[in-house]
Amino acid sequence: MEIFKQKQGDSLLISVEGELDASSSIDMDKAIEATINEGIYKLLINCEKLSYISSAGVGVFVSYVEDIKNKNGKIVFYKMQANVLSVLQILGLDKILSIAETEEEAKLILNEG
Amino acid sequence: MEIFKQKQGDSLLISVEGELDASSSIDMDKAIEATINEGIYKLLINCEKLSYISSAGVGVFVSYVEDIKNKNGKIVFYKMQANVLSVLQILGLDKILSIAETEEEAKLILNEG
Amino acid sequence: MKAKLKAECSKEKLKYIRGFVKESIEILEATDLEKEQIVLAIDEVCANAIIHGNQTNDTKQIILEIDVTETSLKVDISDIGLYDPEELAGRNKDIADIVKDKQKGGMGLKLVYSIMDNVEYYIKNNMSICSLTKVLK
Amino acid sequence: MKAKLKAECSKEKLKYIRGFVKESIEILEATDLEKEQIVLAIDEVCANAIIHGNQTNDTKQIILEIDVTETSLKVDISDIGLYDPEELAGRNKDIADIVKDKQKGGMGLKLVYSIMDNVEYYIKNNMSICSLTKVLK
Ligand SMILES: Nc1ncnc2c1ncn2[C@@H]1O[C@H](COP(=O)(O)OP(=O)(O)O)[C@@H](O)[C@H]1O
Ligand SMILES: Nc1ncnc2c1ncn2[C@@H]1O[C@H](COP(=O)(O)OP(=O)(O)O)[C@@H](O)[C@H]1O
């Protein structure tokens, strides 16, 4: 798995490529923790090249949802592949997490209300 | 494996796609046998989409080389992938079979001498 | 076909295990998405066996046994950590509570139970075995 | 890692066996071409076990056992056909003679011996076993 970060104003765009499993999720956890420690609470996650996610990968994102919400931030995913989306759907997380189709839509959701 | 045949004057262009192994080589054998039975002894084999060959696949071509030569025909392969070419090289067949890089080169070899 | 894999208990091995499983279940007459979900379910159980069953001690091994036909699948995952299957009940926790409690874990078995038809835990020859089955309709 | 596969003796199974082998040897630190050649060598021995060892009788099975690390590979292929290893000597026939004799076969073992470091045939528990090894430099 590879993580690419790009600062955009007060938000951070994270592009994740490859497979996010029990092994690689540790790096993703560090990446998000570092972002929050920098005081950034608006996260866009580009999932276009994320080919696989297991519960450990999902868990990383889930564990920061509350903290981010408490800081009036948001975490928005977009361009998810069908298999990755299906994992969130099975868990019922598609109704709890913010999931957009395109980058534009994701940015709208990130900056609304 | 899939075989596509295309008649070009007195020669036949055979495009082979996929994996040519002990199982699929039977179909290739039938295709070449049928061609020879039709009296066509000039064969161009487009290997661009041939992703795998085992000795059984090689054997099909090898078994017709003599008959085709005796009829003043020729069998010319082109656009071979590296792994397929390496199989012929290991067997020393790269010096016995006619192997071209491009279709143009293959046609030149087919119609020379 | 029957496939068997012994792998050292390290998380880095999970991606090879998935590749192995993917190929082993190739003959199943299921959609790509269904096959990807089956690979996920098996990945989750293997991750548990490596992490919880063997504390990622890579001198230990887990064993994966796959029995597959065009329409059916049975997978046994064995690890030496002897646990009480009753303790795996965490899978019933509500997803909203998992989010609220900022949990990183506790979602794996939810996926396994959703994707597979049957999930069974038992102990045999001093090994903990998780047995997964699925029959295609 | 150790991987094991039991497959019915039908030629249609060869492509699944190759997929399985490809994934099983993924951790080998070799080039893609080297890995493809190793898959080929194993395919050749499996094809022989299915065709010559078991006459493509799909009620019979061949067994493939792979023991792989980053730098070494050992593969055992077992079939129930009991043959005399001495009879496999056909692999020494000159390739030009194979062409002249219009042979369709007799090239498989040439590939196997070229690609692998060591090839051994022996009989154990009433099974014929072909044992292949390779060590990466
Ligand atoms: N093979 C195992 N050995 C010991 N405990 C296990 C095993 N598999 C699962 N468990 C227990 O069940 C719990 C729930 O598993 P799971 O839903 O996969 O979530 P996670 O592993 O992410 O915590 C684990 O936290 C662990 O305590
Ligand atoms: N597992 C086996 N059981 C019986 N005979 C075998 C086995 N493997 C190889 N042989 C014999 O060795 C010969 C040479 O094998 P090979 O070089 O692979 O060529 P091919 O199988 O194409 O004839 C075969 O034709 C067969 O007679």
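Lettering follows sequence order; numbering is per chain, from 1.
- Contact between B/N83 and D/E36 at its shortest, heavy atoms only, is CB-OE1, 3.2 Å.
- Within a 6.0 Å radius of CG in D/N126, no more than 12 heavy atoms belonging to other residues, nucleotides or ligands are found.
- Residue B/I90 holds its CD1 atom at 5.5 Å from CG of D/L111, rounded to the nearest 0.5 Å.
- Environment of NZ in D/K15: sparse, with no more than 12 heavy atoms of neighbouring residues, nucleotides or ligands closer than 6.0 Å.
- B/Y52 approaches D/V39 most closely through the heavy-atom pair OH-O, 4.3 Å.
- The side-chain heavy atoms of B/L93 and D/V99, taken from C-beta on, include a pair separated by under 4.5 Å.
- Counted within 6.0 Å of CD on B/E101, heavy atoms from surrounding residues, nucleotides or ligands total 12 or fewer; the atom is thus considered open.
- Contacts of D/L40 with chain B are made by both backbone and side-chain atoms, with heavy-atom separations under 4.5 Å.
- Looking at B/I53, the atoms closer than 4.5 Å to chain D (heavy atoms on both sides) all sit in the backbone: N, CA, C or O.
- One finds the NZ atom of B/K69 at 7.5 Å from the NZ atom of D/K100 (value rounded to the nearest 0.5 Å).
- Note that CG of D/L109 and OG of B/S55 are 8.0 Å apart. Values are rounded to the nearest 0.5 Å.
- More than 12 non-hydrogen atoms from other residues, nucleotides or ligands lie less than 6.0 angstrom from NZ of B/K5.
- Atom-to-atom distance recorded for D/M107:CE and B/L88:CG is 9.5 Å, nearest 0.5 angstrom.
- Using a 4.5 Å cut-off between heavy atoms, D/I50 does not touch chain B at all.
- Only the side chain of B/I96 comes within contact range of chain D, with at least one heavy atom under 4.5 Å from a heavy atom of that chain.
- Both the backbone and the side chain of D/E12 come within less than 4.5 Å of a heavy atom of chain B.
- Per-residue heavy-atom pair counts under 4.5 Å with chain D were compared for B/V65, B/V87, B/L97, and the maximum is reached by B/V87.
- Considering only heavy-atom pairs separated by less than 4.5 Å from chain D, the leading option among B/A82, B/S86, B/A56, B/S24 is B/S86.
- The candidate with the highest count of non-hydrogen atom pairs below 4.5 Å against chain D, out of B/V60, B/D29, B/V58, is B/D29.
- One finds a salt bridge joining B/D67 and D/K102 here, because a Lys/Arg side-chain nitrogen approaches an Asp/Glu carboxylate oxygen to under 4.0 Å.
- Across D/K104 and B/S63, no two heavy atoms sit closer than the pair NZ-OG, 3.0 Å.
- The 12-atom threshold is not exceeded at NZ of D/K2, counting heavy atoms of other residues, nucleotides or ligands nearer than 6.0 Å.
- Nearest heavy-atom pair across D/K11 and B/I26 is NZ-CD1, 3.4 Å.
- Between D/L14 and B/E19, the closest side-chain pair of non-hydrogen atoms is not below 4.5 Å.
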